[in-house]
Amino acid sequence: MTEPERNVLGGELQPCGTEPLTGFYRDGSCRTGPQDVGSHTVCAVVSQEFLELQRELGNDLVTPRPEYGFPGLRPGDRWCVVAARWLQAYRAGVAAGVVLAATNARALEIVPLSALRQHAVDVPDDISSLD
């Protein structure tokens with residue numbers, strides 16, 4: 001049996017979203033593997049601004065593509081996005097929210113944890129704040 005994939009917080013990778021069904025493997029999780037050359041590892045809660053920037057960059061996440069089982073995204077949807085695309089949006093000032101517990105630790109090969117934490121929508125309890 002293989003080890004479960006880890007999230008950026010070091011825990012077991014949590015599901016990202018099922019409506020629409022996300023993930024490179026379309027299993028609701030931001031799991032990755034050798035076939036996933038784009039590293040679809042960041043669990044993003046997409047915004048209108050994020051979707052518009054992606055479209056401008058040639059990554060249309062809005063238009064439905066039924067032939068790929070892709071319904072098109074709307075603001076508020078959770079989606080496993082390519083880590084480099086999320087980083088582009090971050091640098092442009094329109095990063096999507098991030099679900100840290102559902103973001104694969106492999107995203108850290110591309111995106112700094114500090115950037116992901118700035119846009120976290122599932123901010124975990126910070127032990128240091130208990131001092």
Side-chain angles (χ1 to χ4, degrees):
M1 189 167 143
T2 61
E3 281 286 312
E5 293 191 48
R6 310 308 288 174
N7 64 37
V8 296
L9 301 173
E12 193 169 325
L13 186 64
Q14 299 300 306
C16 180
T18 56
E19 289 186 27
L21 190 60
T22 190
F24 179 78
Y25 298 105
R26 291 298 191 267
D27 61 2
S29 171
C30 296
R31 293 185 316 110
T32 190
Q35 308 90 341
D36 181 15
V37 294
S39 187
H40 294 75
T41 51
V42 176
C43 181
V45 180
V46 299
S47 65
Q48 186 64 42
E49 297 80 11
F50 179 84
L51 292 170
E52 287 171 6
L53 176 66
Q54 294 305 304
R55 182 180 262 175
E56 288 171 21
L57 295 171
N59 184 27
D60 183 356
L61 297 173
V62 176
T63 304
R65 300 289 302 269
E67 66 272 28
Y68 298 112
F70 179 68
L73 300 181
R74 295 185 310 272
D77 284 344
R78 288 182 172 203
W79 196 250
C80 294
V81 300
V82 171
R85 293 283 192 176
W86 187 90
L87 186 59
Q88 280 180 304
Y90 171 79
R91 290 178 174 154
V94 293
V98 176
V99 182
L100 297 174
T103 295
N104 196 305
R106 297 284 305 271
L108 298 176
E109 296 169 8
I110 298 165
V111 182
L113 181 58
S114 59
L116 295 170
R117 281 187 180 273
Q118 286 176 31
H119 295 279
V121 296
D122 65 333
V123 181
D125 292 336
D126 184 353
I127 297 169
S128 67
S129 69
L130 300 176
D131 294 335

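Starting from 1, each residue takes its place in the sequence as its number. These numbers come from the heavy atoms of this one structure, side chains and all, not from hydrogens, waters or symmetry mates.
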Give yes when the SG atoms of C80 and C30 are nearer than 2.5 Å, otherwise give no.
yes
Euclidean distance, [Y] [atom2] relative to [X] [atom1], rounded to 0.5 Å:
X    : Y   : atom1 : atom2 : result
L73  : S47 : CG    : OG    : 11.0 Å
R106 : L13 : CZ    : CG    : 12.0 Å
N104 : R6  : CG    : CZ    : 11.0 Å
S29  : E5  : OG    : CD    : 6.5 Å

Common cluster, [X]/[Y], ILVMFWY with side-chain heavy-atom separation under 4.5 Å:
X    : Y    : value
F70  : V81  : yes
L100 : Y90  : yes
V94  : V46  : no
L9   : I110 : yes

Are [X] and [Y] packed together at the side-chain level, in the sense that at least one heavy-atom pair is separated by less than 4.5 angstrom?
X    : Y    : answer
D77  : P20  : yes
L51  : Q54  : no
V62  : Q48  : no
W86  : V111 : yes
R55  : T63  : yes
L61  : F50  : yes
P112 : L87  : yes

Take atom [atom1] of [X] as the centre, draw a 6.0 Å sphere, and report whether it contains more than 12 heavy atoms from other residues, nucleotides or ligands.
X   : atom1 : result
R85 : CZ    : yes
R26 : CZ    : yes
Q35 : CD    : yes

So which heavy atom on [X] is nearest to which on [Y], and how close?
X    : Y    : value
L21  : G28  : CD1-N, 3.5 Å
A89  : L53  : CA-CD2, 3.5 Å
L57  : Q88  : CD1-OE1, 3.6 Å
A101 : D122 : N-OD2, 2.9 Å

Taking [X] for the side chain and [Y] for the main chain, is one N or O donor matched with an acceptor at less than 3.5 Å?
X    : Y   : value
W79  : T22 : no
N7   : E12 : yes
T103 : C43 : yes

Quickly, which of V45, V98, V42 forms a side chain to side chain contact (heavy atoms under 4.5 Å, CB included) with H119? Name it, please.
V98
Name the orientation class of the two ring planes belonging to H40 and F24 (parallel below 30°, tilted from 30 to 60°, perpendicular beyond 60°).
tilted
